[in-house]
Amino acid sequence: MPRISIIMGIYNTPNKEIVKEAVDSILNQSFKDFEFIICDDGSTDETYQMVKELINNDPRCILLKNDKNVGLAQTLNNCLKVSNGEYIARMDADDVSVLTRLEEEVNFLDQHPEFSLVSGYAELFDEYGIYGIRTNVEYPQNKDMLFGPPFIHAAMLIRKKDLLDLGGYRVCKETLRAEDYDLWMRLYASGKRGYNLQMVVYKIREDKNAYKRRAYKYRFDEAQVRYYGFKRLGLLPNGLFYVIKPLIVGLIPQSILKILRNEAI
């Protein structure tokens, strides 16, 4: 039985070099006791065959395929169904895990049973190199949920039992782009807590204009996730402004957002 099950969804991602870098960053981890479960979410191109070639019959890898595109939350739940690890780690198909990521995270959870999950910092990079870093508060509390997801989803390690006790990822329209945020709030509402390592454990491939591609309709979905999550956490009515914050941000001109984003980085 592996200690860690790494779960990754992939959909129509044809760039072999990018996917290879992501896969290799897991297969070459300093911590070796894991299984790597990859689920193709009904790709309509050659993605499935490409991943099959990349894992090259590695016994640590399990490759699944959905009959149709069902979204990330259901895809991750499908991975969970066949997982055998004590811990569940996430990975995205276009990112990179730092060599010692799993080692650092599993050591932390082994030594701190009072925490349900652990994540950490992530560097932001594009084709030109590293251009920023994403950090989060070390000990997130309920109130930190007001400002956005307090953990980097793809960099997390979580106790499988705690994840299954919540029923896994919630699959519905409003969690289509906010399955992680919804998960954190349900986890905290159940009395569990998480921790952020104060170090870079992950690298997110994201161009500087990625925020422009977010459709406004998903902001309505996030507002719903925030409302019901804040309600569970007892953050309403004081937190009502933060419920509608995504809708307000979506109305700000992109030129101003770019300035704010650059200052934040």
Side-chain angles (χ1 to χ4, degrees), residues 5-13 22 37-43 64 66 68-83 85 87-95 97 116-120 122 134 136 140 142 144-190 192-194 196 202 204-206 210-211 213-233 242-243 245-247 250:
S5 297
I6 301 110
I7 60 176
M8 184 177 90
I10 189 168
Y11 174 70
N12 284 358
T13 310
I37 306 170
I38 305 171
C39 183
D40 182 296
D41 189 16
S43 291
L64 310 174
N66 297 335
K68 61 181 181 179
N69 182 246
V70 296
L72 183 59
Q74 183 59 59
T75 296
L76 296 179
N77 283 342
N78 291 345
C79 292
L80 283 174
K81 290 176 183 177
V82 301
S83 65
Y87 297 125
I88 299 294
R90 276 281 290 112
M91 182 67 200
D92 277 344
D94 54 356
D95 295 340
S97 281
S116 180
L117 75 101
V118 61
S119 189
R134 187 166 295 166
N136 277 307
N142 285 8
D144 294 305
M145 300 289 176
L146 292 171
F147 311 109
F151 304 102
I152 296 172
H153 184 208
M156 80 161 188
L157 183 73
I158 188 170
R159 300 183 193 278
K160 180 181 177 181
K161 181 182 183 303
D162 292 343
L163 183 54
L164 293 182
D165 284 347
L166 294 173
Y169 292 90
R170 191 163 66 94
V171 180
C172 58
K173 175 182 174 295
E174 61 264 29
T175 61
L176 188 60
R177 293 291 187 276
E179 72 287 327
D180 55 336
Y181 201 1
D182 176 79
L183 177 63
W184 310 143
M185 290 190 283
R186 289 190 293 124
L187 185 73
Y188 268 55
S190 74
K192 305 296 184 181
R193 292 295 179 266
N196 281 307
Y202 199 74
I204 299 173
R205 189 185 304 271
E206 180 177 281
Y211 62 92
R213 297 193 294 268
R214 188 180 187 195
Y216 198 80
K217 65 180 179 180
Y218 296 128
R219 295 184 180 277
F220 282 100
D221 294 337
E222 182 183 336
Q224 291 186 64
V225 168
R226 284 173 176 250
Y227 176 79
Y228 290 112
F230 296 171
K231 187 175 181 179
R232 291 189 188 97
L233 294 171
Y242 294 97
V243 171
K245 181 183 175 182
L247 306 179

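What you see is a predicted model; the values in this text were computed from it and never measured.
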Within the 4.5 Å heavy-atom criterion, are [X] and [Y] side-chain neighbours or not?
{"X": "Met185", "Y": "Leu233", "answer": "yes"}
{"X": "Leu163", "Y": "Leu117", "answer": "no"}
{"X": "Arg177", "Y": "Glu222", "answer": "no"}

Who passes ring pair (Phe, Tyr, Trp, His ring centres under 6.0 Å) against [X], sequence neighbours left out?
{"X": "Tyr242", "value": "Phe147"}
{"X": "Phe151", "value": "Trp184"}
{"X": "Tyr169", "value": "His153"}

Between [atom1] on residue [X] and [atom2] on residue [Y], distance to nearest 0.5 Å:
{"X": "Leu72", "Y": "Glu179", "atom1": "CG", "atom2": "CD", "result": "4.5 Å"}
{"X": "Ser119", "Y": "Leu157", "atom1": "OG", "atom2": "CG", "result": "9.5 Å"}
{"X": "Lys173", "Y": "Phe220", "atom1": "NZ", "atom2": "CZ", "result": "9.5 Å"}
{"X": "Asn77", "Y": "Leu164", "atom1": "CG", "atom2": "CG", "result": "9.0 Å"}

Hey, are Lys160 and Ser5 close enough side-chain-wise for a donor-acceptor pair under 3.5 Å? no
By side chain to side chain contact (heavy atoms under 4.5 Å, CB included) - contacts of [X] (at least two apart):
{"X": "Ser116", "value": "Ile158, Asp162, Leu187, Lys192"}
{"X": "Asn136", "value": "Ile152, Asn196"}
{"X": "Ala22", "value": "Met91"}
{"X": "Val70", "value": "Asp41, Asn66, Lys68, Gln74, Thr75"}

Can a donor-acceptor pair be found, under 3.5 Å and without considering hydrogens, that links the side chain of [X] to the backbone of [Y]?
{"X": "Arg193", "Y": "Tyr188", "value": "yes"}
{"X": "Arg219", "Y": "Leu247", "value": "no"}
{"X": "Arg226", "Y": "Tyr181", "value": "no"}
{"X": "Arg186", "Y": "Leu166", "value": "yes"}

Applying salt bridge (charged side-chain N to carboxylate O under 4.0 Å, His left out), name anything that partners [X], two or more places apart in sequence or on another chain.
{"X": "Asp95", "result": "none"}
{"X": "Arg159", "result": "none"}
{"X": "Lys161", "result": "Asp165"}

With sequence neighbours left out, the residues meeting side chain to side chain donor-acceptor pair (under 3.5 Å) with Thr175 are none
Quick one: list whatever passes side chain to side chain donor-acceptor pair (under 3.5 Å) with Lys81, sequence neighbours left out.
->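 Applying side chain to side chain donor-acceptor pair (under 3.5 Å) to Lys81 gives none.
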Check your understanding: Which heavy atom in Met8 sits nearest to a heavy atom in Asp92, and how many Å separate them?
Key ->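 Closest approach of Met8 to Asp92: SD-C, 3.8 Å.
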